[in-house]
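All of these numbers come straight from a predicted model, not from anything done at the bench.
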Amino acid sequence: MQFLTVTLFVCFIFLILNKKIFKSSFLSSRSICSIFALKFVLVSFFVFYLDKHHEYDLKGDHEYYLNDAKVLNRVFYSDPVTYFMLLTGFDNSDATKEKYLAETKLWNNPTKKYNDCRAVARVHSIVVFVSAGNEYIHLLFVALLSTYTILLFAGAFSKYLSNPDIFILFLGAGIPSFLIYGGLVMKEHLLFFGIASFLYGIKQRRLNSLHLWLGLFFLFTVKIYIFYAIGLSILFYFLIKSAKKYTSKVFIIIAFIILLTGALFSSFGDRIVNRISNQQYAFRNVATKGIYLYEPADKNRSFFYYLNIKDTAFFRKTDTDQLLLKKDIRALKVRQAGTQSSQPVLLKQDQLFDIAMIVQKTSQSYVQPYYLNYDKKRLIVSIPSSIYHCLFQPDFKTPGSNAKYPAIAETLLMTTFAIFSLLYGLGKHRKKFNDPLVISLLFFIFLSAFIVGITTPVVGAMVRYRIPTYIALAILSFILIDPIWKKKSRLSQEQHPG
C-alpha cells in the first residue's frame, strides 16, 4: 500500500513538472523530469541504505526534522488556533512547547537563542497533511523543490551561460553534497531555494517579485549569515560595476577591504569575534562526548557544567525533564560569556540541572580548529587556513569513517574543475576577470569559505555548510569556460548554416 501511494504521488509530480512554472527555455520537459527522477531515486536509495547501515550516522537530522514536523502537525487536530500560532511563530511560549511539543527533537534547543531548525519543521508539518507522515512523499516534495531551485539558478545567470543545459545537469548531479543533502528533509533544501529565488528575484528587478520576497524569507529564517554574505557580495558587485576603469576597480577593491578591516576593529567587530569564538566552542562541545548542563537560575546561559558521559549514572531524570544529582561529583564549570574559561567545581547531591545536551560519542571527523579565543588578530591570521580548510578538505589524511570518501571525491572534482576554469580564464580570456560578476563571485566564495572554515571544525558538518560556496564556485567556473561553449556553438552553426 505504501509503495502504491508513493507511486501515485510520483505520477502526480510528473504532471506538475509539465506545467508552465517548470517550463525552461533550456531543457525539454523530459530532461527536467529526468533530473527530478534522478534526484528522488538517488536520495531514496541513500535513505534506504542508511536505514540498513546504522554505523553511518548521516541521517540523524533528517529523522529529527521529520519527527518534529509530525509532532507539530498533530497540534492542528487538537487545537487548530495554536497550530497556526506555532506555524507563524506568534506563539513560542514555554507552556505551549511543554503541552504540545515535548516530543520534538530540534524544536526545543536551549543552546540556541534563535532556533533556525523550526523553519523546516513548519514547512514539512504542512506536507504531513498530504503525506500522512510517509517519508518518501516528503522526499518527493524536496526533490520537486530542489529541481525548481536548479532551474532558478540557471535562470538567474542565463545571461552568462551559453550552454545552460550542461550547467543544469551539473548542478543536478555533479555536486554530490548538493544532490544528497539538498534532497533530504534538512535546512539545506530551503536554504538553496532561498538563495536561488533571491538571486532570480534580483535579476527580475521588481520589488513585487514573489521570488525576491520568498528568497529573503528563507534566507532570514534558515541561514541569515548567508544572506549577509550575499548582500555584501551584491553591494560589492554594484560598486565594481560603477567603475569604468581598471584602476578604479582596483581602488574600490582595496577600499572595500580596508572598510571591512576597519569594521572588524570597531565594536561591531567585537560582536563578530565573540560570535565566531562562541561558535567554535559550541561545535567543540557538540563534537565531544560528554554531559552538558545548565543551572536553572542562569537564564542567560553564561556558563555550563561539563561531565564525563559515564557520569550519567549519577543522575536521575525528573518529571520536568531535568537531571537530579544523586551524589556529590566533580565537574568542569565552563564560562561562555566573554573569553571562555573553565575551572573544576564540586556539584552537590540533590542539585537540579537543565540539560543542554548529552553527546554519546565524539565525532570521528572532528579537526582541532585554530581557536580565536576572542582575539581579533588571531581572526585575521586564520583567514588563509580557514578558506583552505573549507575549499580543500577533506583529504585522505582527514580523520573520519568511510563516509568521508564521497566528500573527498567531490572536493577533488570541484577543485580540479575550478583550477582548470581559472587557468583557462587567465590564459585565454583574461578580460573575464574584469567582469563585476566574476569579481563579486570570487568575493562571496572567499567570504563564505572563511565563515564556514573558521566556525566548523567537524568535517562532516563542514561538507554540508560549504555547499553554497561550491555552488558559487560552479557558477564561476561555468562563466569562465563559457567561451568554449560559444566556440562550439559557432562552429556548429558554420557547419550547418541552414
Identify the two heavy atoms, one from [X] and one from [Y], that lie closest to each other, and give their separation to 0.1 Å.
X      : Y      : value
Leu152 : Ala196 : CB-CB, 3.8 Å
Leu191 : Lys223 : CD1-CB, 3.7 Å
Leu139 : Gly183 : CD2-O, 3.4 Å
Phe193 : Leu214 : CZ-CD1, 4.2 Å
Leu171 : Phe178 : O-CD2, 3.0 Å
Cys390 : Tyr470 : O-OH, 4.5 Å

field: Check against side-chain contact (heavy atoms from CB on, under 4.5 Å), Tyr305 and Ile291
entry: CA-CA 8 Å; Tyr305 295 111; Ile291 308 169; over 6 Å; no

In Å, rounded to the nearest 0.5 Å, how long is the span from [atom1] of [X] to [atom2] of [Y]?
X      : Y      : atom1 : atom2 : value
Leu212 : Leu199 : CG    : CG    : 10.0 Å
Ile240 : Leu235 : CD1   : CG    : 10.0 Å
Phe40  : Thr147 : CZ    : OG1   : 11.5 Å
Leu86  : Arg122 : CG    : CZ    : 7.5 Å
Ile387 : Leu447 : CD1   : CG    : 8.5 Å

- prompt: Is Lys187 close enough and on-axis enough to Tyr65, meaning under 6.0 Å and within 45°, for cation-pi?
  reply: no

- request: Please lay out, stage by stage, how Thr96 and Leu101 fare under the test side-chain contact (heavy atoms from CB on, under 4.5 Å).
  value: CA-CA 7 Å; Thr96 302; Leu101 304 174; 5.6 Å; no

query: So with a 6.0 Å cut-off around CZ of Phe396, is the heavy-atom count from everything else above 12?
result: no

Does [X] use its side chain to pair, donor to acceptor, with the backbone of [Y] at less than 3.5 Å?
X      : Y      : result
Glu410 : Ser177 : yes
Asp68  : Lys105 : yes
Asn67  : Glu103 : yes
Ser146 : Ala143 : no
Lys404 : Thr398 : yes
Asp354 : Tyr294 : no
Ser197 : His211 : yes
Ser382 : Leu379 : yes
Thr456 : Gly453 : no

Pairwise side-chain contact, [X] with [Y], heavy-atom cut-off 4.5 Å (strictly under):
X      : Y      : value
Arg464 : Asp61  : yes
Phe167 : Ile150 : no
Leu184 : His189 : no
Val128 : His138 : yes
Leu42  : Lys39  : no
Leu232 : Phe256 : yes
Tyr424 : Ile484 : yes
Val452 : Met462 : yes

message: Tell me if the centroids of the rings in Phe478 and Phe157 come within less than 6.0 Å of each other.
response: no

Polar side chain donor-acceptor pair, [X] to [Y], under 3.5 angstrom:
X      : Y      : result
Thr455 : Tyr465 : no
Thr411 : Arg466 : yes
Ser131 : Asn134 : no

field: Check against side-chain contact (heavy atoms from CB on, under 4.5 Å), Tyr160 and Asp435
entry: CA-CA 11 Å; Tyr160 297 87; Asp435 190 309; 3.5 Å; yes

query: Are Phe446 and Thr469 close enough, and set up right, to give a side-chain contact (heavy atoms from CB on, under 4.5 Å), and what steps lead you there?
result: CA-CA 8 Å; Phe446 289 134; Thr469 307; over 6 Å; no

Whether [X] and [Y] hold their rings parallel, tilted or perpendicular, with breakpoints at 30° and 60°:
X      : Y      : answer
Phe227 : Phe220 : tilted
Tyr292 : Tyr306 : tilted
Phe236 : Phe443 : tilted

